[in-house]
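A short worksheet on the structure shown next.
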Amino acid sequence: MRISRCDTCRTIVPFDAQTCAGCGSPLGYLPDRCVVRTLDTTDDPAVFLVRGERHALWRCMNAAWGCNWMVPADAGEIWCRACRLTRNRPDAERTDAMSAWMIAESAKRRLVHQLDSLALPIEARSDGAPDGLAFDLVHLGAGDDAIGMATTGHAGGIVTLDLTESDDLHRAVVREQMAEHYRTVIGHLRHEIGHHFWNRLVGQSDHLAQFRKLFGDERANYAEALAAHHDRRSLGWDDQVFVTAYASAHPLEDWAETFAHYLHILDVVTTAESFATLDDGEPSPDPASWGLDIAAFELGDLLARFRPINASLTELAACVGAPPPYPFDPTGRVVTKLEFVHRRVAAHADRDRFYASN
Ligand SMILES: [Zn+2]
Ligand SMILES: [Zn+2]
Ligand SMILES: [Zn+2]
């Protein structure tokens, strides 16, 4: 993501911040520019302006729950672009569930931000778009907000996340049980959104044959493949072919895992490089300048930029006694699969459509 500084005091502002830690200025994320900016207050306490501009903005209705995204005051919306995508969430009375939900929404905002900066079109679910995207962020199997027999997953545009995954201890236990190297909330969301984009990027494209050659035939029986995977998961996996053990379960899981890891790698590189170029100039109000022109570089270049950054990430984490944040180094056929994802994403990016609909 693109990091910015406070316009008042030049403190670096985190992506999720509503207020500058340096000077107390109000901050807000502008979805149409993909960046956090310093805001000026007005006579109306609900209305803010971007410094030097006249366009009135409101805070998203979920500001009390940590959302710092802004909504144009004349748009007729009360929730921001990211929050509007949530279809089911916990009851506000249940404070434990609300804390878990806030963690999930924060990860979801990062996801929406990244998809927007890639110009990957996000079509919200509606009567006119029955397979459009929506999120159910709920506690499954327990509590009032449980919905049917759902599990964390993707089905026909609905991404469901069990909010139990917001709990660090729960994730650590499951990661151990499943012999996984990595398990995060944003990892789940990036994986499930990978399923959502499969049809759009591959299934409906001329690249299905190439997909099957690389990843395998996605028509393989899903239930049988998953059952077989759970039987053999303790045996490890071939990391020259699959990015994770779970990727080896089924071609569609391989795609979703590879897609998620592509987004991880891209976010690490763009965020690190954004820190490096922080003082090159002010964020430009020109939308054409914020985007990430991924068609302009090869996957090999991206990995070459990623490896030293990931090495520093690992060492910096060790400095404070934390485990390696991203314990992977893609190699062999995994790189070829990442390359396929990269080309499909680059081909699907539709900057004109995004600007027109936003
Ligand atoms: Zn400040
Ligand atoms: Zn919001
Ligand atoms: Zn999956």
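Every number for a ligand or one of its atoms is a count from 1 in the order of the listing.
Within a 6.0 Å sphere centred on CE of Met61, other residues, nucleotides and ligands contribute 12 heavy atoms or fewer.
Between Cys6 atom SG and Cys9 atom SG, the angle centred on the Zn ion (ligand 1) amounts to 110° (nearest 10°). Rounded to 10 degrees, the SG-metal-SG angle spanning Cys60 and Cys67 at the Zn ion (ligand 2) equals 110°. Rounded to 10°, the angle formed at the Zn ion (ligand 1) by Cys20 SG and Cys23 SG is 110°.
A salt bridge links Glu77 to Arg84: one of the charged nitrogens lies within less than 4.0 Å of a carboxylate oxygen. Using a cut-off of 4.0 Å between Lys/Arg side-chain N and Asp/Glu carboxylate O, Arg51 and Asp7 are scored as not salt-bridged.
Residue contact annotation: Glu253 places an N/O/S atom under 2.8 Å from the Zn ion (ligand 3). Coordination check, His191 versus the Zn ion (ligand 3): passed, since an N/O/S atom of the residue sits under 2.8 Å.
Classified by interplanar angle (parallel below 30°, tilted 30° to 60°, perpendicular above 60°), the ring pair Phe211/Phe340 is tilted.
Remark: the His191 side chain and the Tyr246 side chain contain no N/O donor-acceptor pair separated by less than 3.5 Å.
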